[in-house]
Amino acid sequence: MQQLGVAPNYLTYPFLVKASARLSNQESGVSLHAQIIKTGHESDIFIQNSLIHMYASCGNIIGAHKVFDSMQGKNLVSWNSMLDGYAKCGDMVLAHKVFESMQDRDVRSWSSLIDGYVKAGEYREAMAIFEKMQVVGPKSNEVTMVSVLSACAHLGALEKGRMMHKYIVNNGLPMTMVLQTSLVDMYAKCGAIEDALFVFRGVSKSQTDVFIWNAIIGGLATHGLVEESLKLFKEMQMVGIRSDEITYLCLLAACAHGGLVKEAWYFFESLVKCGMTPTSEHYACMVDVLARAGQLTAAYQFICQMPIEPTAPMLGALLSGCINHRNLDLAEIVGKKLIELDPNNDGRYIGLSNVYA
DNA sequence: CTAGGGTTAG
């Protein structure tokens, strides 16, 4: 466009700024901001709102606030963008402050606040806000319910989760894939695997994506339904959904749970073969598999040949294996390393003190 | 033309 000598106008900039936000590329966002000022578009409310969102998405909440403060005519989008910016940055004190200062609040304002509390791990507060919303706020929609279901999942609040499911159906909220994934995850995390499978089976296979497969495969794995988990992975491959790093993490977790050492090696190798880079979580899972199976030397050697530094969960898994399989010499070595790495690791420290007892 | 949601975490 620029090569052709066509200049962006006030309708172009929001898209460009949004792209920078999506990419979390503050550099390009800042250069757009400069261009916006140079071309005299800095007081366009759509452009200002997109700039708030861009800065917040790049983690620059100060930059976002500067744009927000510079505005003379703020609208609900401006306030919602600022609120969501604080919520996304995890500053729920300021997010709540913004929320309280607003004259008008729509479903997005409430949803951003609820989601912020969920992301901050304050699930009870998130539920409290949702209950208040039902009394004094606008009707919640399918986006609100995703965050609410996530709160129920983390609280293990199965009955509440069921109520939310009924609320969604009774109010005719659109059953999006995101919502169905949240339902699968909620039921799985609350231990209602049958319900998770029921929701999952209600999605036509051609509509599925990697997220919902990961949710059900991971849910089955964490509840020890290892065979079913691996069976669903095969099904996922048959449907032609490309697995990702998280799929493999779920599979390795399933192997750890079921004591499937051979299968774990196979998945670890597949992960690399598919061009993915194992993360420290993958390595930790692999160590866990080997340690649980009593293959302590193999686990130790595996850690030594990794291209990354060992992490506390990794050494913790190995230490547990050493203790359970009565290899106290190795336990002492691993325990010392673990304390070096993470001096505040109480639980593991207690594990180690058992070695000396 | 601008703002909100899902999968890992022993």
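So you know, we letter chains A, B, ... as the sequences are listed, proteins then strands, and number each from 1. Just so we're clear, the structure is a prediction, and the values are computed from it rather than from any experiment.
When heavy atoms are screened at a 4.0 angstrom cut-off, A/Ser111 is found touching base atoms of the nucleic acid. Using a 4.0 Å heavy-atom distance criterion, A/Asp288 is classed as making no nucleic acid contact. Among the heavy atoms of the strands, none lies under 4.0 Å from A/Thr247. In this structure, A/Asp106 reaches the bases: a heavy-atom distance under 4.0 Å links it to at least one base atom across the strands shown. Among the protein residues, A/Glu245 comes within range of no part of the nucleic acid, since none of its heavy atoms lies under 4.0 Å from any strand. Residue contacts for A/Met145: at a heavy-atom cut-off of 4.0 Å it reaches no nucleic acid atom on any strand shown. A/Tyr10 comes within 4.0 angstrom of a nucleotide base, judged by non-hydrogen atoms across all strands. Contacts of A/Ala87 with the nucleic acid, taken as non-hydrogen atoms under 4.0 Å apart, are absent. Residue contacts for A/Val107: at a heavy-atom cut-off of 4.0 Å it reaches a base atom on one of the strands shown. When heavy atoms are screened at a 4.0 angstrom cut-off, A/Asn141 is found touching base atoms of the nucleic acid.
One hydrophobic cluster, built from ILVMFWY side chains closer than 4.5 Å, holds both A/Met163 and A/Val118.
The distance between atom CG of A/Leu51 and atom P of B/dA3, rounded to the nearest whole Å, is 12 Å. Spacing between atom NE2 of A/His223 and atom P of B/dG10 amounts to 10 Å, rounded to whole angstrom units. As a whole-Å value, the separation of A/Glu142 CD from B/dG4 P is 14 Å. Rounding to whole angstrom units, CZ of residue A/Arg105 and C1' of B/dA3 are separated by 16 Å. Rounded to an integer number of Å, the gap from CE of A/Met175 to C1' of B/dG5 is 14 Å. Regarding A/Asn214, its CG atom lies at a distance of 5 Å from the C1' atom of B/dT7, rounded to whole Å. Atom pair A/Leu315:CG and B/dG10:C1' shows a separation of 14 Å (rounding to whole Å applied). Here B/dT7 presents its P atom at 15 Å from CZ of A/Phe200, a figure rounded to the nearest Å.
The side chain of A/Lys189 contributes no N or O atom lying less than 4.0 Å from OP1 or OP2 of B/dA9. At the phosphate of B/dT2, neither OP1 nor OP2 sits under 4.0 Å from any side-chain N or O atom of A/Lys74. Regarding contacts with the backbone of B/dT8, every side-chain N or O of A/His282 stays at 4.0 angstrom or more from both OP1 and OP2. A sub-4.0 Å separation between OP1 or OP2 of B/dA3 and a side-chain N or O of A/His53 is present.
Between A/His65 and A/Phe68, the two ring planes are tilted [angle within 30° to 60°]. Below 30°, between 30° and 60°, or above 60°: for A/Tyr117 and A/His96 the angle between ring planes is above 60°, a perpendicular geometry.
On a pure distance criterion of 3.5 Å, no polar donor-acceptor pair joins the side chain of A/Ser182 and the base of B/dG6. Side-chain atoms of A/Asp209 come within donor-acceptor range of the base of B/dG6, with a qualifying N/O pair under 3.5 Å. At a cut-off of 3.5 angstrom, the base of B/dG10 holds no donor-acceptor pair with the side chain of A/Ser320. Within 3.5 Å, no donor on the side chain of A/Ser112 pairs with an acceptor on the base of B/dG4, nor the reverse.
With B/dA9, B/dG6, B/dT2 as the choices, the nucleotide that has an atom nearest any side-chain atom of A/Asp115 turns out to be B/dG6. Closest to the side chain of A/Leu179, out of B/dA9, B/dC1, B/dG5, is B/dG5. Taking only side-chain atoms of A/Thr144, from C-beta outward, the nucleotide of B/dG5, B/dG4, B/dT8 with the closest atom is B/dG4. Of the candidate nucleotides B/dC1, B/dT2, B/dT7, B/dT2 has the atom nearest to the side chain of A/Val77. Distances were taken from every side-chain heavy atom of A/Ala253 (C-beta onward) to each of B/dA9, B/dT7, B/dG5; the shortest belongs to B/dA9. Between B/dG6, B/dT8, B/dT7, one nucleotide has an atom nearer to the side chain of A/Glu281 than all others, and that is B/dT8.
Under a 3.5 Å cut-off, the side chain of A/Asn171 and the backbone N or O of A/Tyr167 do form a donor-acceptor pair.
For A/Phe46 and B/dC1, the ring-to-base geometry satisfies the stacking test (centroid distance below 5.5 Å, interplanar angle below 30°).
Remark: A/Lys66 is not positioned above the aromatic ring of A/Tyr55, lacking an NZ or CZ atom under 6.0 angstrom from the ring centre and at most 45 degrees off the axis. Geometric assessment of A/Lys205 against the ring of A/Phe200 yields a positive cation-pi assignment under the 6.0 Å and 45° thresholds.
Side-chain contact annotation: A/Ser28 with A/Ser20, donor-acceptor N/O pair under 3.5 Å present.
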